[in-house]
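So you know, we letter chains A, B, ... as the sequences are listed, proteins then strands, and number each from 1.
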There are 2 protein chains.
Amino acid sequence: MSPKRVTIKTIAKEVGMSIMTVSRALNNNSNVNDQTKTKVQQVAKKMGYIPNHIAKSLVQRKTFTIGVVVPEIAHSFFQEVIRGIEEIAYDAGYHIILTHSAESFQREQLCLETLLSKRVDGILLSVAETVTDFKIYKELIRLKMPMVFYDRGINDIGISTVGIDGTKAAEILTEHLIGLGYMKIAHLAGPLHLSIGANRRQGYLNALKRHKIRAKKSYIVEAGLKEKQGYEGMKKLLNQTKKNPPRAVVAVNDPSAFGAIDAIKEAGLRVPEDIAIVGFADDIRSQLIEVPLTTVRQPAYEVGKVAADKLIKHIESKTEAVEDLVLNTELIVRKSCGWSKKKN
Amino acid sequence: MSPKRVTIKTIAKEVGMSIMTVSRALNNNSNVNDQTKTKVQQVAKKMGYIPNHIAKSLVQRKTFTIGVVVPEIAHSFFQEVIRGIEEIAYDAGYHIILTHSAESFQREQLCLETLLSKRVDGILLSVAETVTDFKIYKELIRLKMPMVFYDRGINDIGISTVGIDGTKAAEILTEHLIGLGYMKIAHLAGPLHLSIGANRRQGYLNALKRHKIRAKKSYIVEAGLKEKQGYEGMKKLLNQTKKNPPRAVVAVNDPSAFGAIDAIKEAGLRVPEDIAIVGFADDIRSQLIEVPLTTVRQPAYEVGKVAADKLIKHIESKTEAVEDLVLNTELIVRKSCGWSKKKN
DNA sequence: TTGTAGGCGTTATCAA
DNA sequence: TTGATAACGCCTACAA
């Protein structure tokens with residue numbers, strides 16, 4: 001970028017006017033003579049003028065940039081969210097700075113500091129797994145930085161959230177199993193300190209309760225969110241329920257379900273004939289495996305769009321209400337939950 | 001962001017020193033009294049000082065920001081590229097502005113203008129499908145804007161490129177079929193005005209030539225890059241080769257192969273017993289379908305990393321050589337190409 | 001409709 | 001080691 005840059009000053013000299021006239025002409029301001037305007041614009045173009053948003057941002061205290069913090073950039077869910085954000089932001093004339101917390105609390109802080117220093121107009125954030133301290137979010141509120149949580153948020157601290165109702169979705173999933181006649185339903189839970197883990201477990205429990213099925217401790221195993229952990233969790237579950245094994249399993253997510261299926265097969269059992277299983281998330285692989293997985297589809301792209309839209313509203317109107325936006329999930333029924341009406 | 005911001009000026013007043021001392025202290029500059037430094041840093045922290053990178057960028061003409069132009073943000077390949085870029089950029093202390101050309105020439109221009117105005121330190125771009133005019137790239141060169149093409153680039157205009165050798169990969173793929181004994185090999189080509197279409201077709205032809213197999217016009221059908229187009233292309237191919245149908249097909253990419261497989265089945269034929277098929281790209285579904293697809297893996301994440309690395313080198317050293325970096329693809333052999341040694 | 005002065009928050013440069 | 005001053009490129013506010 002070295003050939004001495006063309007600035008409005010350069011142009012002003014060239015056309016023999018003040019820099020203000022040039023500035024106004026370039027911004028298509030109304031109070032400028034049409035001829036002047038045309039002339040300035042022509043000269044600017046001829047000289048290869050490139051406006052400097054940095055300078056503009058400095059004086060206007062507005063960058064038209066949105067900061068996005070993603071906890072796991074390798075996850076297709078978040079990649080889709082980004083796509084949704086980009087679309088809305090683009091339409092509204094905003095740009096995106098992408099940062100990655102890699103599920104690390106510390107790194108999330110760093111992302112936030114950077115974004116603050118870059119003076120983004122607003123921030124879209126999904127809380128990293130290891131975050132335990134909300135101080136920085138409160139600080140953000142104090143600074144009046146417009147912000148929206150997407151997918152993983154914190155309720156009731158004064159920041160809008162956009163996500164799905166994990167409790168309800170898990171409830172629907174569990175209820176679907178009950179509707180098929182299953183009574184002995186186990187749960188391969190996620191980490192309970194995470195809202196997704198806790199919510200889905202709650203949904204599972206709610207469904208049982210509603211249908212007056214007693215929840216059994218031995219039917220609930222806390223595992224992780226990954227395939228391997230699902231596998232181990234399922235092994236443990238089978239092991240501790242030998243006398244009275246479950247007939248169906250609600251896994252905390254699809255990867256966990258994949259692992260569980262391996263464990264089930266390994267135990268010489270069939271899905272869904274011996275044990276039915278449902279997942280959560282609609283992983284791209286879910287419909288392609290041997291026994292396609294019943295699961296719940298989360299509208300990732302929509303989450304991105306709605307979150308970006310809400311954020312821009314917060315940016316552009318101080319009075320925009322803080323609210324929790326809940327998007328609908330969709331139950332995807334496939335073979336893994338079985339269709340039989342056997343009562344057991 | 002309204003509570004009157006604290007700036008180095010505010011801090012200067014507070015500690016009773018000049019803004020320069022504060023600036024130096026905050027930047028951990030060496031020529032500052034240690035006590036002064038400590039004191040300033042403490043006060044800054046206490047006052048909640050947030051450095052303004054915008055102002056800094058303005059005076060230093062450096063933003064520590066990389067602009068990325070993605071042609072199709074919904075494509076998992078590019079999502080993985082972004083992931084690679086992010087990783088390298090983060091490690092080097094750069095941030096990313098993400099823009100999306102949506103395969104549109106006009107929109108790509110817009111992305112570039114924005115990035116220029118935002119004074120990014122460098123640009124990573126993958127050429128949009130509809131780009132026909134390279135003027136703007138040449139202009140970028142003239143402006144000495146550091147730049148690297150990734151995946152889809154333009155050779156010999158003075159900009160580094162990072163990608164795979166599509167010709168060679170297609171050649172290897174075709175040769176693999178030949179090695180298995182197939183002689184009657186057809187090609188479901190992509191759009192030939194796109195380099196990926198042209199290159200892969202060339203690789204296919206090269207392999208045939210090397211093995212002295214005559215290329216037949218009726219064995220090459222130009223279709224699109226999507227599943228549906230693969231389906232139609234395959235139907236056309238089967239139709240025009242009724243008397244002498246191919247025994248194997250090299251599809252331009254995996255989605256195209258998926259479509260082709262449908263068409264093959266529909267014609268009452270089996271894969272690979274009647275017609276073997278190979279794809280290109282290693283779509284996530286390829287290993288999960290009924291007859292897993294032999295294909296070529298493109299190192300998307302690596303492409304992102306290498307491109308970002310090269311760009312940062314260009315940014316940080318004017319003398320960094322312009323070069324074309326070619327990454328290796330990996331042949332993934334699965335069932336769809338068959339193992340039989342039948343000669344036909 | 002156009003121009004002048006001043007400042008946005010920081011750093012470079014030179015002087016003390 | 002510290003400070004004064006002038007940029008960086010643009011816009012706001014006011015004046016002409």
I need the [atom1]-[atom2] distance between [X] and [N], as an integer number of Å.
X      : N      : atom1 : atom2 : answer
A:L58  : C:dG6  : CG    : C1'   : 13 Å
A:H53  : D:dC10 : NE2   : P     : 11 Å
A:K118 : C:dT10 : NZ    : C1'   : 15 Å
B:I19  : C:dC8  : CD1   : C1'   : 13 Å

Taking only side-chain nitrogens and oxygens of [X], does any of them come within less than 4.0 Å of OP1 or OP2 of [N]?
X     : N      : result
A:K56 : D:dC11 : yes
B:Q60 : C:dA12 : yes
B:N52 : C:dC8  : no

As a test of reading the structure: which of [options] is closest to the side chain of [X], going by heavy atoms?
X     : options               : result
A:M17 : C:dT10, C:dG3, D:dC8  : C:dG3
A:V32 : D:dG9, D:dA4, C:dT2   : C:dT2
A:T21 : C:dG9, C:dG3, D:dC11  : C:dG3
B:R61 : D:dC8, D:dC11, D:dC10 : D:dC8
A:S23 : D:dG3, D:dC11, C:dT4  : D:dC11

Exercise. Have B:K313 and B:S160 got a donor and an acceptor in their side chains that come within less than 3.5 Å?
Worked result: no
Exercise. Side chains of B:S117 and A:K56: donor-acceptor distance under 3.5 Å anywhere?
Worked result: no
For this session: Check whether the side chain of B:R119 and the base of D:dG9 form a donor-acceptor pair under 3.5 Å.
Result: no
Exercise. Mapping B:R24 and A:I8 onto DNA chain D by nearest heavy atom, which one lands closer to the 5' end?
Worked result: B:R24
Exercise. Pick the nucleotide of DNA chain D nearest each of B:N31 and B:V59; which residue has the one closer to the 5' end?
Worked result: B:N31
Exercise. Does atom NZ of B:K39 have more than 12 heavy-atom neighbours from other groups under 6.0 Å away?
Worked result: no
Exercise. For DNA chain C, whose closest nucleotide is more 5', that of A:D34 or that of A:M20?
Worked result: A:D34
Problem set entry | Sub-4.5 Å side-chain heavy-atom contact between A:V127 and A:P71 | no
Exercise. For the residue pair A:F64 and A:Y94, does the interplanar ring angle fall in the parallel (under 30°), tilted (30 to 60°) or perpendicular (over 60°) class?
Worked result: tilted
For this session: Check every strand shown and say whether A:T36 touches a base, only sugar-phosphate, or nothing at a heavy-atom separation below 4.0 Å.
Result: sugar-phosphate
